[in-house]
Peer 1: 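Attaching a single structure in structure tokens format; questions to follow.
Quick note: numbers below take in every heavy atom, side chains included, and nothing from hydrogens, waters or symmetry partners.
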Amino acid sequence: MNTNENKQIDDLARRVIEKATLESPSFDFTAQIMTQLTDLKQSETTVYKPLISKTAWFVIFIGFAILLGYTVTGTQSQTLNWFDFPDLNVLLNQKISTSMFQFTFSKIVLYALTLLALMVLVQVSFLKAYFDKRFEL
């Protein structure tokens, strides 16, 4: 019984296919499709949004400039040695006067932190330029 039904469906499908005419696209089919594609509004999920906004970059830059300016023109007495850092304990003593929070930083730690901050800024700028070039459309 199942083979008889399959044969009937097969015959019906053959008759429908034989009666159907072959359709061909119009002359400007590709141009119409391309205009429809360009007219589609771009989805919100594919819009590029940077991880760090321009205002955040501005705030980071201003903060770094203030820190650099304080380091260069601080109220510390200047010495002739290149590797003398300003004493950061002055900042901590002015803000918090308890003895528990009076830190002393060695020169090596200050050098390491300065070098780390400089390297992070350089690396971020190189990576940003790399990804901007990579994802340009």
Peer 1: Can I get a per-line list of side-chain donor-acceptor pairs under 3.5 Å for residues 121-128, giving both atom names and the distance, sequence neighbours left out?
Peer 2:
residue : atom : partner : partner atom : Å
Ser125  : OG   : Leu121  : O            : 3.3
Ser125  : OG   : Val122  : O            : 2.7
Lys128  : NZ   : Asp132  : OD2          : 2.9

Peer 1: Are Met119 and Phe64 in one and the same hydrophobic cluster, where Ile, Leu, Val, Met, Phe, Trp and Tyr link if side-chain heavy atoms are under 4.5 Å apart?
Peer 2: no

Peer 1: Going by side-chain heavy atoms closer than 4.5 Å, which hydrophobic residues are tied to Leu118, directly or by a chain of links?
Peer 2: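 Members other than Leu118 - counting any ILVMFWY side chain reachable under 4.5 Å - there are none.
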
Peer 1: Mind checking whether Val120 and Leu67 sit in one hydrophobic cluster, side chains of I, L, V, M, F, W, Y counted as touching below 4.5 Å?
Peer 2: no

Peer 1: Would Ile33 and Gln36 count as a side-chain contact (heavy atoms from CB on, under 4.5 Å) if you check the C-alpha gap in whole Å, the side-chain angles of each, and the deciding distance to 0.1 Å?
Peer 2: CA-CA 5 Å; Ile33 295 297; Gln36 288 177 0; 4.1 Å; yes

Peer 1: Could you check whether atom CD1 of Ile62 has more than 12 heavy atoms from other residues, nucleotides or ligands sitting under 6.0 Å from it?
Peer 2: yes

Peer 1: Where do Asp11 and Arg15 land on the salt bridge (Lys or Arg N to Asp or Glu O under 4.0 Å) test, with the steps shown first?
Peer 2: CA-CA 6 Å; Asp11 289 338; Arg15 280 185 270 146; 5.7 Å; no

Peer 1: If you round to the nearest 0.5 Å, how far is CG of Leu115 from CG of Leu113?
Peer 2: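 Going from the CG atom of Leu113 to the CG atom of Leu115 covers 10.0 Å.
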
Peer 1: Determine, using the 4.5 Å side-chain heavy-atom cutoff (strictly less than), whether Met34 and Phe29 are members of one ILVMFWY cluster.
Peer 2: yes

